[in-house]
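What follows is a single structure, written as structure tokens, with notes after it.
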Amino acid sequence: MAFDPYTQNITILLSPSAPPISIPIPLIDAFNDETASIITNYAAQLGAAITMLLVLVAATPSSRLLRASTLLHAAALLVCVARTVLLAYFFLTPFSHFYQVWTGDFSAVPAWNYRASIAGTVLSTLLAVVTDAALVHQAWTMVSLFAPRIKFAVCALSLLITLLAVSFRVAYTVIQCEGIADLAAPRRYAWLIRTTLICNICSIGWFCALFNSKLISHLVSNRGVLPSRRAMTPMEVLIMANGILMIVPVIFAILEWHHFINFESGSLTPTSIAIILPLASLAAQRIATSSASKHHNHPSSSSARYKASRDSASRTPLNAKPGSLFTTTTCNSTASSSAAQRTRSVDASGMLAAAAGPARGGDFIDPIDLELRQIDGYAQPNEVHFQQDEGQQFHK
């Protein structure tokens, strides 16, 4: 049989009295290839997280930097950066050096390398907790528009699923940290690892289904017709972006069930969530800011265009469809209905009251401002007001 230099063994001597260890070169090459792929994966996550963090800070108005949603998104990205650095640093420690890996002798590894590995594991769990909190907050933005009974049921189920996922994740982290300290795989807790993966998939899948529920119901009721780009409001952009982009973490979570050579999907799941949520919010805020700027420059014509765009295209916007779960229910629903009736009567007559005096009795909500407040997860309808002639008052 011809000699093949690529399949020969590498011999490592442990001590004069111990037998040598022979390692096939293909096995070494496979290990090196997988190490390089994992480091590349971490580098891509690190670059994406840093870029998204810089974009979030630069694109978010200073008045919104202290909002709960912005703080959660920034915290998730910061934790993601720190965690990814520690995970990548593992491959620069003696844990991944040639002799230690192939002989299993880690006696010369400094204690602070153990602490760095444990810190990376703990930060991975912290990232999962922060991203779950951001998902709950983002989901509340939409759930707050549900009918009361459905809203409380969905909130209770969301909290239950999230708490189960976080609880099993914390338990798994404790076992994993003990395994790192003892240099032993926790094989007897394999059931805990599987349960943690199941809860993680259920949690991410639930929020993905929640974000996509409105989009799917709209497609079914309108035979696959979406609103035109101009007719979509910031809230609708937030719903669609979250729903569509959340499919990516679901895919990564499912892939965690299998071990793929040269591909590590476990760390991609929380990273993708940390990047997706602020991306969707920034897109919605961008549309809201642009619309608000036009509205304040030309309040009368802008309001008319706003109403006209909401009544055009699919005729059933995502968050204004009658009978929909996402129909806005605020304390000003009666005032909104009255304002809408007055607007329709003015449009039907085709004229405005030339002698109309100043607006009577009060202030009216800027519709663009209402959209911005829905994105932030709450509504304070009496903060920002504007007054116009009675024939020019429009309300969402």
Side-chain angles (χ1 to χ4, degrees), residues 4-14 21-54 76-110 112-128 131 172-173 176-177 179-180 183-186 193 197 200 248-276:
D4 187 357
Y6 299 103
T7 60
Q8 63 180 316
N9 296 337
I10 301 297
T11 301
I12 300 178
L13 300 177
L14 300 177
I21 298 177
S22 296
I23 308 169
I25 288 181
L27 191 60
I28 298 175
D29 292 337
F31 175 81
N32 293 336
D33 292 342
E34 186 171 9
T35 300
S37 67
I38 293 176
I39 293 177
T40 303
N41 185 356
Y42 291 159
Q45 294 182 48
L46 181 60
I50 293 176
T51 302
M52 192 67 247
L53 180 61
L54 294 176
L77 291 171
L78 286 172
V79 174
C80 181
V81 170
R83 177 215 62 161
T84 309
V85 168
L86 289 176
L87 292 181
Y89 177 72
F90 171 84
F91 295 96
L92 299 177
T93 64
F95 280 117
S96 59
H97 289 177
F98 185 86
Y99 182 84
Q100 282 82 355
V101 169
W102 297 107
T103 63
D105 182 9
F106 297 96
S107 58
V109 178
W112 60 272
N113 289 140
Y114 287 86
R115 292 192 289 269
S117 297
I118 292 175
T121 302
V122 172
L123 284 179
S124 297
T125 300
L126 180 60
L127 177 60
T131 53
Y172 169 66
T173 300
Q176 194 175 13
C177 291
I180 294 174
L183 294 177
I193 299 175
L197 289 178
N200 186 43
V248 176
V250 172
I251 295 175
F252 288 144
I254 294 175
L255 292 178
E256 290 186 49
W257 276 100
H258 304 281
H259 175 72
F260 297 93
I261 299 177
N262 301 334
F263 179 74
E264 194 266 315
S265 63
S267 62
L268 285 169
T269 304
T271 300
S272 58
I273 298 175
I275 294 174
I276 283 171

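Predicted model only: the values in this text are computed from it and were never measured.
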>> Rounded to the nearest 0.5 Å, what separates atom CG in Leu53 from atom CG in Leu77?
In response: 5.5 Å

>> If only side-chain N and O atoms count, and only distance matters, is there a donor-acceptor pair under 3.5 Å linking Gln8 with Asp4?
In response: no

>> Among residues at least two apart in sequence or on other chains, which ones pass side chain to side chain contact (heavy atoms under 4.5 Å, CB included) with Ile38?
In response: Glu34, Tyr42, Phe91, Glu264

> Which atom pair, heavy atoms only, marks the closest approach of Thr269 to Ala253?
Replying inline: OG1-N, 3.4 Å

>> To check you understand the geometry: which heavy-atom pair defines the closest contact between Val109 and Pro94, and what is its length?
In response: CG2-CB, 3.8 Å

> Can you find a heavy atom in the side chain of Val248 that is under 4.5 Å from one in the side chain of Ile276?
Replying inline: yes

> Considering all heavy atoms of both residues, which atom of Val81 and which atom of Ala49 are nearest to each other, and what is their separation?
Replying inline: CG2-CB, 3.8 Å

>> Taking the side chain as everything from C-beta on, heavy atoms only, tell me whether Ile25 gets closer than 4.5 Å to Pro5.
In response: no

> Thr271 versus Arg83: any side-chain heavy-atom pair under 4.5 Å?
Replying inline: yes

>> Does Thr121 form a side-chain hydrogen bond (donor to acceptor under 3.5 Å, both in side chains) with Gln176? I'd like the steps, not just the answer.
In response: CA-CA 8 Å; Thr121 302; Gln176 194 175 13; 4.5 Å; no

> What are the two closest non-hydrogen atoms of Leu87 and Ser124, and how far apart are they?
Replying inline: CD1-OG, 4.2 Å

> Could you state the interatomic distance from CG (Asn113) to OG (Ser96), rounded to the nearest 0.5 Å?
Replying inline: 9.5 Å

>> Distance check, rounded to the nearest 0.5 Å: Asn41 atom CG versus Leu46 atom CG?
In response: 11.5 Å

>> Tyr99 vs Phe106, test: side-chain contact (heavy atoms from CB on, under 4.5 Å). Steps then yes/no.
In response: CA-CA 9 Å; Tyr99 182 84; Phe106 297 96; over 6 Å; no

> Under 30°, 30 to 60°, or over 60°: which ring-plane class applies to Phe95 and Phe90, parallel, tilted or perpendicular?
Replying inline: parallel

> When rounded to the nearest 0.5 angstrom, what distance separates CD1 in Ile12 from CZ in Phe98?
Replying inline: 4.5 Å

>> Within the 4.5 Å heavy-atom criterion, are Cys177 and Val122 side-chain neighbours or not?
In response: yes

> Measuring from His97:NE2 to Asp105:CG, what's the distance to the nearest 0.5 Å?
Replying inline: 13.5 Å

> Is any side-chain heavy atom of Phe252 closer than 4.5 Å to a side-chain heavy atom of Ile273?
Replying inline: no

> Shortest non-hydrogen contact from Val79 to Leu123?
Replying inline: CG1-O, 3.6 Å

> Is there side-chain contact between Leu27 and Trp102, with at least one heavy-atom pair below 4.5 Å?
Replying inline: yes

> Taking all non-hydrogen atoms of both residues, which atom of Ala76 and which atom of Leu127 are closest, and how far apart?
Replying inline: O-CD1, 3.3 Å

> Looking at CD1 of Ile50 and CG of Leu78, how far apart are the two atoms once the value is rounded to the nearest 0.5 Å?
Replying inline: 10.0 Å

> Is any side-chain heavy atom of Leu255 closer than 4.5 Å to a side-chain heavy atom of Phe263?
Replying inline: yes

